[in-house]
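This report refers to the structure that appears directly beneath it.
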Number of protein chains: 4
Amino acid sequence: MADTQENGSGSDSKSARTRRRILDSAAQVLSNKGYAGLRLSDVADLAEVQAPAIYYYFSSREDLIEEVMWSGVAELRKHLEEALDKLPDGTTPLDRFSVAIEEHLRHELDLSNYATASIRNAGQVPQAIRERQVAEENAYGAIWADILRAAQSAGEIRGDIDVHTALMLVFGAMNWTSEWWDPERGDIDDLVSTAKAFILNGLAGS
Amino acid sequence: MADTQENGSGSDSKSARTRRRILDSAAQVLSNKGYAGLRLSDVADLAEVQAPAIYYYFSSREDLIEEVMWSGVAELRKHLEEALDKLPDGTTPLDRFSVAIEEHLRHELDLSNYATASIRNAGQVPQAIRERQVAEENAYGAIWADILRAAQSAGEIRGDIDVHTALMLVFGAMNWTSEWWDPERGDIDDLVSTAKAFILNGLAGS
Amino acid sequence: MADTQENGSGSDSKSARTRRRILDSAAQVLSNKGYAGLRLSDVADLAEVQAPAIYYYFSSREDLIEEVMWSGVAELRKHLEEALDKLPDGTTPLDRFSVAIEEHLRHELDLSNYATASIRNAGQVPQAIRERQVAEENAYGAIWADILRAAQSAGEIRGDIDVHTALMLVFGAMNWTSEWWDPERGDIDDLVSTAKAFILNGLAGS
Amino acid sequence: MADTQENGSGSDSKSARTRRRILDSAAQVLSNKGYAGLRLSDVADLAEVQAPAIYYYFSSREDLIEEVMWSGVAELRKHLEEALDKLPDGTTPLDRFSVAIEEHLRHELDLSNYATASIRNAGQVPQAIRERQVAEENAYGAIWADILRAAQSAGEIRGDIDVHTALMLVFGAMNWTSEWWDPERGDIDDLVSTAKAFILNGLAGS
DNA sequence: GATGAATGAGCTTTCATTCAT
DNA sequence: CATGAATGAAAGCTCATTCAT
């Protein structure tokens, strides 16, 4: 599944499908080899096209990578927003938080090379590429921060904790999973419940 | 300090000092540009030598990088072992754990390009380089696992938690700090105490 | 006018007009960028067609360029022949020569990208393209040589001068104008009269 | 001789000789194939080095070409200045002019790929490269203009002629020779004397 | 010990050209 | 007639690496 996800929806003309294949391949290579290690020829091989065909769809290597990095976070956000929207009206902030943790982890580990590509390369990509991604990250972070603040107001988590620092520690614990978690050896349900317990206890505290 | 740390001690002949400068520079470049993004010419510039001079000290680019990656973790372990050895005999596992968190964070953020280089590039480095680093990581992880298990036996943290998963979540929260924490804007003491509270509560749980 | 000239006449079906537009555009690009610098995509943009459409009218890039280079001189010759034919029967060789100078200059500077394309790229085009152009050039040169020899016989210009060398010096003075003369800043009538005086005196001599 | 000229003088260390060989080769290729047609691999073949070696001496293709274009005119000027300096004090402007014609032609035809490269590609090179060359051209043109004005003051040539236009016609006649004159078939002394007669008569006039 | 000089492999990118539609 | 899609070949350029000095 991890290798065949579709990014976004939309038309599926032959042209659109080729573009998608290139983008998917780039996400996978980026995720494995890193920004500087991504070679267009590897992307092309995976996408089953010749390397110059990439230039029919993207104006440069940077352009292609930018779109992967940007849509990695965008997709994560869309995913989360949809999940939160489905919750019944009276759901408590802490329950919403719990859902967010689950969605983030499942999307990162189960579905998306885009997410892992974004996460792993955030620190290595040149400034020009970084900017649009940062905008998306801020939007994504804002959703989490809102939930966290609501939980604080509701007294569900400690009030003395700095929201930004807390969020970053939580993201750290979650994002790092893609570095060590092996889908072949672990059960994702176990991971999700352990992570939830760790994080919620960490923030609820005594 | 972060840019001028010395890795290990030992002889300080001119030759040894040049070697150290090259290694330090490689750690810094590796930390910023990633494995594939490291260019020997950048390392040479930082170390103030000519690029071919690197070959006098290291037999190849891979060799140089391997040493950085490997000593990043080795250094972290030495650091931790020394700190733990200094603790009085009766120190509880949980207190030892608390000290470990503090040492890991301070070393990563304050002292060492080696540590961040190791952490950031663990997933992108080729297998050949990875192996020795993995051995070091296992040794380092074993120290943490011992403490954790002792704490579990002592009933200081929950017994239902899987030690390996817990450890990885903790490492995630800590390692990710190097991606977002800005020494210019935050106080490291605050970060350390927030991280300790988050992690210890997360594992103690209700 | 210089950018919209039509080369030759003939059928004006939509197809023929598109072909003409492509040829005109090629002449202009060739004139500005040179043989190796001509890109079909530039020609296509100027002609307002898609690049592959060019292949409907010309079997290759070389083919297209050959036609421009060849018709550049052909057109110059047709132009000159018409002008000479209009002269009254008794016109002296020297007067015919004077008319030739004027026609050549006006056509080159005022009317035709084809002429400048031919002139500027004569030395850089591959042999295969060159041949047909050389044939045209010889025919064109023959007209000039005839006039010059007649003038020599009539004693209107020096007899000791080598006709071929003289002709080449004259062509040089004229052809070079397209490299330096700026229609925005100079008056073409002034240029024509100065050039006539220079050339005719140069050949008449003392 | 044309293929083996040395450009400028100076040290002849091995390194300097390689640099010179690359520059000489570039001048020759530029002269034959034009700006867009110059391939570094052709230059490298002629210079008997591998293509990337060029980058040891020049930072880019443009850089290399700029130096050829610029030094083509610079060399021409140096050549001319030296010849004029050798003339006895009382030499008339017209005699100086005559010497200038001779030096220009001989240098262009006999000695220098640099000169022909500069002349042929002046119109096709991008603006960035052009600028430095234009400066040199102006300096070179100023020498000629000075002589011409002096001759006008001395009444040696017509007073009604525009100096700039005249100069351009003269340069045209001379520069064009490299397009048609074949050293195998013609005698350069004949060409020089014919050209002198043509130009001087052209400007002296009746 | 260290460097100037050079190379070979491999990268991104461009471009003429083809072909199914 | 014309175009969207794609390719093969080759270009400029970068970089790790070598080697004589």
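In the text below, chain A, chain B and the rest are named by the order of the sequence lines, each starting its count at 1.
- With rounding to whole Å, C:E48 atom CD is found 13 Å from F:dA2 atom P.
- Between the P atom of F:dG12 and the CG atom of D:D63 lies a distance of 15 Å, rounded to the nearest Å.
- Of all nucleotides listed (F:dT14, E:dA5, E:dG1), E:dG1 comes nearest to the side chain of B:S15.
- Both D:P52 and B:Y57 sit near DNA chain E, but only B:Y57 has its closest nucleotide nearer the 5' end.
- The shortest side-chain heavy-atom distance between A:D24 and A:N113 does not fall under the 4.5 Å cut-off.
- With F:dC1, F:dT7, E:dT18 as the candidates, the nucleotide lying closest to the side chain of C:Y56 is F:dC1.
- Only B:R39, B:L40, B:S41, listed by number, bring a heavy atom of residues 39-47 of chain B to less than 4.0 angstrom from any atom of DNA chain F.
- Here the nucleotide nearest the side chain of C:Y55, chosen from F:dT7, F:dA16, E:dT18, is E:dT18.
- When the P atom of E:dA5 is taken as reference, atom CZ of D:R17 falls 12 Å away, rounded to whole Å.
- Checked for salt-bridge contact, D:R19 and D:E67 meet the test: a charged N lies under 4.0 Å from a carboxylate O.
- Taking a cutoff of 4.0 Å between a charged side-chain nitrogen and a carboxylate oxygen, C:R132 and C:E66 qualify as a salt bridge.
- With rounding to whole Å, B:E62 atom CD is found 18 Å from F:dC15 atom P.
- With a cut-off of 3.5 Å on both Watson-Crick or G-U wobble distances, the partner of F:dA20 is given as E:dT3.
- In this structure, B:I54 reaches neither bases nor backbone, as no heavy-atom distance under 4.0 Å exists between it and the strands shown.
- Atom P of nucleotide F:dA16 and atom OH of B:Y35 are separated by 10 Å, given to the nearest angstrom.
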Full working for side chain to side chain donor-acceptor pair (under 3.5 Å) between A:S178 and A:T116 = CA-CA 7 Å; A:S178 62; A:T116 51; 5.9 Å; no
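- The phosphate of E:dG8 has OP1 or OP2 within less than 4.0 Å of a side-chain N or O from D:Q50.
- The partner of F:dT14 is E:dA9, by the rule that a Watson-Crick or G-U pair needs both atom distances under 3.5 Å.
- Between B:L30 and B:I65, the closest heavy-atom pair is CD2-CG2, 4.0 Å.
- B:L64 contributes atom CG, which lies 9.0 Å from atom OH of B:Y55 (distance to the nearest 0.5 angstrom).
- Considering every non-hydrogen atom in both A:G72 and A:S118, the closest pair reads CA-OG, 3.4 Å.
- Using a 4.0 Å heavy-atom distance criterion, A:L64 is classed as making no nucleic acid contact.
- Each of D:L38 and A:R21 was assigned the nucleotide of DNA chain F with the nearest heavy atom; the assignment lying further toward the 5' end belongs to A:R21.
- If you find the closest nucleotide of DNA chain F to A:K14 and to B:R61, the one lying nearer the 5' end belongs to A:K14.
- Nearest-nucleotide mapping onto DNA chain E: of D:A53 and C:A51, the residue sitting toward the 5' end is D:A53.
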